[in-house]
Amino acid sequence: MLLTQTMPRPALIRQLDVFDWLFAALLWGGAIYAFNLYGAHMDSYEKGFLFGFAAIFSALGWAWKPIRLLLLTVAIFSLLGIADYHGNLARAQSSFFLKYFLASQTAIMWMSVLFVLATLTYWIGFAARSEFAEKVGSALTWSALTMGIIGLLVRWYESYLISPDVGHIPISNLYEVFILFSIITALLYLYYENRYANRQMGAFVLPVISAAVGFLLWYTFDRQAQNIQPLVPALQSYWMKIHVPANFIGYGSFSLAAMVGVAYLLADKGILASRLPKLEVLDDVMYKSIAVGFGFFTVATILGALWAAEAWGGYWSWDPKETWALIVWLNYAAWLHIRLVKGLRGPLLAWWAVVGLFVTIFAFLGVNMFLSGLHSYGTL
Amino acid sequence: MRFAISLFTVLAIASIIGTVLKQNEPYADYIIQFGQYWFTVFAWLGLYDVYRTPWFVIILAFLVLSTSTCIYRNMPSMLREIRSYREQATEQSLRHFHHYAEFATHGNPLNLLMRYLDAQGYRYKQVHNNDTVLLAAKRGSANRLGYLFTHSAIVLICIGGLLDSNLPLKIEQAFGIKRLETRDIPESQVPAVSRLSPDNLSFRGNVTIPEGTSADVVFLNIADGYMVQDLPFRIALNKFHIEHYSTGQPKAFASDIVILDKTTGLPLLAHTITVNHPLTYDGIAIYQASFGDGGTHLNMDGWNLFAHSGTPFPVTGAVHDKTELAAGNTRYTIEFTDFRPFNIENLGGNDTPQHDTRAVLGGNAVADKKNLHNVGPSFQYKIRDPEGQAHEYSNYMLPILIDGRWYLLSGMRDAPNEAFRYIRFPLDPERTLAGFMRLRGAMLDPALFPEIAQRFTRSVLHGSDVDAQAKLADSTVKVLEMFSKGGYKTLSNFIETKIPAAQRDEAAQTYLKILELSAFEAYGIAQQQAHLPPPKQDDETGWFIRDSLNTINDIFFYGAPVYLQLATYDEVQASGLQLTRSPGEFIVFGGSGLLVLGVFTMFFVRERRLWLLIKPNQVLFAMSSNRKTLDFENEFLLRKQHLAEILKEN
């Protein structure tokens, strides 16, 4: 009877099926295996990270099922790629699988191509109202995401092959964080797509990822930025491993919100409104995305302060990057205030979200290009 | 509220100005940049240290105060709200809810509804009134704690920040208790009025310690002056290290320091600090901030550019030190400013004598790509004439191969904001500078010109008539004289004023040819005078002669009486340390933790209330939330559907 379905509170843990448990077991098994293998070389932070990630990703996989398949695929192919190197970097050119699929450069190229294809497909689906094309768009985005993560993970391994002292997590310069940005924005988008069972937003969100990919390609072919560089002393810190991803969850969310804001503005004017989801849905995605972004941006800024206290001699020294992070933070804090406290809705907030993206882009790129400070890790 | 928003806007604009305008630069730089008038205006506004100007701090303090009042005023009602179930709701008011539904029922569904609320995670209160029962339920009340947490966090962070600011010092300055020192005097002579005691609550200062020495103060750079902060201990630097990756990029900056007891001088603690790994001692954190030269001893060969001899004289000096040089009746001062043991960057060197070890620039994906190789040591100095005019020079110690030929490079500039212009001293086929200097001596010595001219004429016009020979010899002497007075410039002036336009090109070609060939003869004479074998007539010598002529010409614009060639050096490095005491740090971090907690509670805990008024044969259902979101709308519909089903089955 219905009562039994509605009555018990739907606790997550009771909804888990056998695959969920298998997934968690695999993750923890992997973590324990890695610990046995390398535990002796790890400091307490790294041990914390290892098991922390097993816990976080188990929970993520349970809360949002597609993560399970994503992680599994990524794990299998990254490990294959790593194994195929046989500890020799030169094999990137000689091994068939590495050269055409799994070497980090190749994987990242695959990611780039797939993201661009996904953008086109979403637009075809959007224009032709073809659900099939949109499904293909989703599949392409998932594949691009997979290749991107594989690319980063294999790159991480490759950096150690260059020399053990060069090895580091690949989120240390502008080239690498653009990959991170593409991945995180895609992942956030796919979550909302899944959650709202709506693929039309893809036509708006994917272009921002394609723009990042465009930059990445220019950076690769024009500036040869793809080579792995060793870490300067200031970046040799475990804080980097959490500060940077937290920041990019923020940046990714804000970009996503801005693109949904564009869709909102169009729909509000009656342009393409029949193809887009309802205004309330767009508004809700925009709000949630900014809320998530704001949360993570807060965390990232605080982590930055903690790191600065260790590296620069003070948790806050009004470095241009810090100041602009504060401006971005205040901007979105004001956005959330107006919406939550004053209850404002409508095109003004959408415009604001779009403008917010430009403020964010300036904080992310403009500060490095135009202002001088300690945090200028990526000039063009 | 509107006032607060305007203040926030002012702060935001001020902050943006602070990022665009480089903060805390030497005042002289600002004057150059803006001119005297705007410099004064900006200084009055405090834009050079905008985050510490009184008006900025006062606005910040005001915002903290207004946020605090806001919390104080709202807290009681918020706490009441959190606790309250709003069980006073009447039938009348429920019917006016936007989210409202009613269901017909028979029997008493109370227990069933209570079980439902339990199962859905709602907490509730029952109110019995005659024949009706009200279930007032709520979920996610913690949402309102989010408000308290975030706003208190901001107050905490600002208080912590204020504690660590130099506010007390500013006040002391305003009342004249403390005064900035602007004179460039030894630290020991700085008077007490510009010194801060070791008990100072918070400070952030820098000190540069050369290897093998120690310091017990740091300097606080403020506006156009500084203050001396006395430390409760003494820091000695044993050694400063830089490690490099195999690719040449820096891998680690480290200082081996020893903390010494200030009175007894006994070592208390030895430690190596690196970037990202500071040492905290006695509540003071010690950071690796920069490095530079600590007074490297330099032994140089001085090549006199006035008296053109082929032998150098010895010069000694040390970085950050000066030495006197007499040339005729004029006394020059040489100020040695920097030394670098290696130059891995491209030629053209950058010119900051202090290197910030904390910068993350090297993480740049495209940095350091072009022709990375070590071109050896270089040193920098200024030569100041008696009028106080100075030119700055940057000389490389080792010769550098350019287009297959070896040169010694010396950069020159007139002002610190210019780039160095490099002059190349060609090495003779024996790979020494002496050949060039001898050749230059001969080319600038009028007594030799007739002989040079004769040898030259003989070599080109053997056997022809005497008249022609004498005529050519004459022109040659003229050409040599002109060149010796001002290089190519004098020659071209002559051509432009004395020769008709149609023949100028041809004349220029001829003069250059004469110059080049007679320079070869001059070199021969110079070699002979130095009892050295005559020059070979090969390509190498040819290029050497041509390069030498260019360099002789360039020296007319070199501006120095001497070229200093580095022979040996004894490097002494210095480490720049930053020392801070920031008692507000933990308050700020505590506040930060609270902020994160608050932000996540605010956005991810949704508050909603639900009322079920159970009457005989009817159930009224209403819902409300402090935030209207799509999730709430969906939940209302879901609850409505559930309730309809539950009540039907009942």
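Here is the naming used below: chain letters follow the sequence lines, and residue numbers restart at 1 for every chain. Computed from a predicted structure; not experimentally measured.
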- request: For this output row, return yes or no: ring centroids of A:Trp218 and A:Phe215 closer than 6.0 angstrom.
  value: yes
- request: Could you tell me which portion of B:Val588 (side chain, backbone, both or neither) has an atom closer than 4.5 angstrom to a non-hydrogen atom of chain A?
  value: side chain
message: So for A:Leu336, is it side chain, backbone, both, or neither that comes closer than 4.5 Å to the heavy atoms of chain B?
response: side chain
field: A:Ser237, part contacting chain B, at a heavy-atom distance under 4.5 Å
entry: both
Residues B:Thr19 and A:Trp324: side-chain donor-acceptor under 3.5 angstrom: yes
field: B:Arg639 and B:Gln641: CA distance, side-chain angles, deciding distance, side-chain contact (heavy atoms from CB on, under 4.5 Å) verdict
entry: CA-CA 5 Å; B:Arg639 300 266 171 263; B:Gln641 189 195 341; over 6 Å; no
field: Centroid-centroid under 6.0 Å between A:Phe294 and A:Tyr332 rings
entry: no
query: Strictly by modelled atom types, are B:Gln249 and A:Gln229 linked by a side-chain donor-acceptor pair under 3.5 Å?
result: yes
field: Interface residue of largest heavy-atom contact number with chain A, from B:Phe8, B:Tyr51, B:Phe603, under 4.5 Å
entry: B:Tyr51
Region of A:Phe178 in contact with chain B, defined by heavy-atom distances below 4.5 Å: neither
query: For A:Ile171, which of A:Val244, A:Leu235, A:Ile179 qualifies under side-chain contact (heavy atoms from CB on, under 4.5 Å)?
result: A:Val244
query: For A:Tyr287, is it the side chain, the backbone, both or neither that has a heavy atom under 4.5 Å from a heavy atom of chain B?
result: side chain
Engaged part of A:Trp316 at the chain B interface, taking heavy atoms whose separation is under 4.5 Å: backbone
task: Quick one: do A:Trp239 and A:Glu310 satisfy side-chain contact (heavy atoms from CB on, under 4.5 Å)? Show the steps, please.
output: CA-CA 10 Å; A:Trp239 291 113; A:Glu310 212 169 273; 3.4 Å; yes
- prompt: So which of B:Asp164, B:Leu11, B:Thr629 has the largest heavy-atom pair count under 4.5 angstrom toward chain A?
  reply: B:Asp164
task: List the steps and the verdict of side-chain contact (heavy atoms from CB on, under 4.5 Å) for A:Met240 and A:Trp307.
output: CA-CA 8 Å; A:Met240 184 175 82; A:Trp307 186 4; 3.5 Å; yes
field: Residue B:Ala252 versus chain A: region with a heavy atom under 4.5 Å
entry: backbone
query: For residues A:Asp165 and A:Ser163, is any side-chain donor paired with an opposing acceptor at under 3.5 Å?
result: yes
query: Among A:Glu176, A:Gln236, A:Glu280, who wins on heavy-atom pairs under 4.5 Å with chain B?
result: A:Gln236
- request: Taking ring-ring contact (aromatic ring centres under 6.0 Å, His included) as the test, write out the residues that go with A:Tyr191, two or more places apart.
  value: A:Trp64
query: Considering only heavy atoms, which portion of B:Ser15 lies under 4.5 Å from any heavy atom of chain A: side chain, backbone, both, or neither?
result: both
Residue, of B:Phe600, B:Tyr245, B:Phe589, that accumulates the most heavy atom pairs under 4.5 Å with chain A: B:Tyr245
field: Interchain contact, A:Val292 with chain B, by part (heavy-atom threshold 4.5 Å)
entry: both
- prompt: Among A:Leu340, A:Val299, A:Ile228, A:Ile327, who wins on heavy-atom pairs under 4.5 Å with chain B?
  reply: A:Leu340
field: Interface residue of largest heavy-atom contact number with chain B, from A:Leu330, A:Leu306, A:Thr301, under 4.5 Å
entry: A:Leu306
message: Check this for me: B:Phe604, atom CZ, are more than 12 non-hydrogen atoms of other residues, nucleotides or ligands nearer than 6.0 Å?
response: yes
- request: Identify which part of A:Asp284 has an atom lying under 4.5 Å from any heavy atom of chain B, answering side chain, backbone, both or neither.
  value: side chain
message: Hydrogens and angles aside, do B:Ser255 and B:Gln288 bring a side-chain donor and acceptor to less than 3.5 Å of each other?
response: yes
Toward chain A, the part of B:Leu643 with a non-hydrogen atom under 4.5 Å: neither
message: Using heavy-atom distances under 4.5 Å, tell me whether B:Lys22 contacts chain A through its side chain, its backbone, both, or neither.
response: side chain
field: Residue, of B:His277, B:Met602, B:Lys628, that accumulates the most heavy atom pairs under 4.5 Å with chain A
entry: B:Lys628
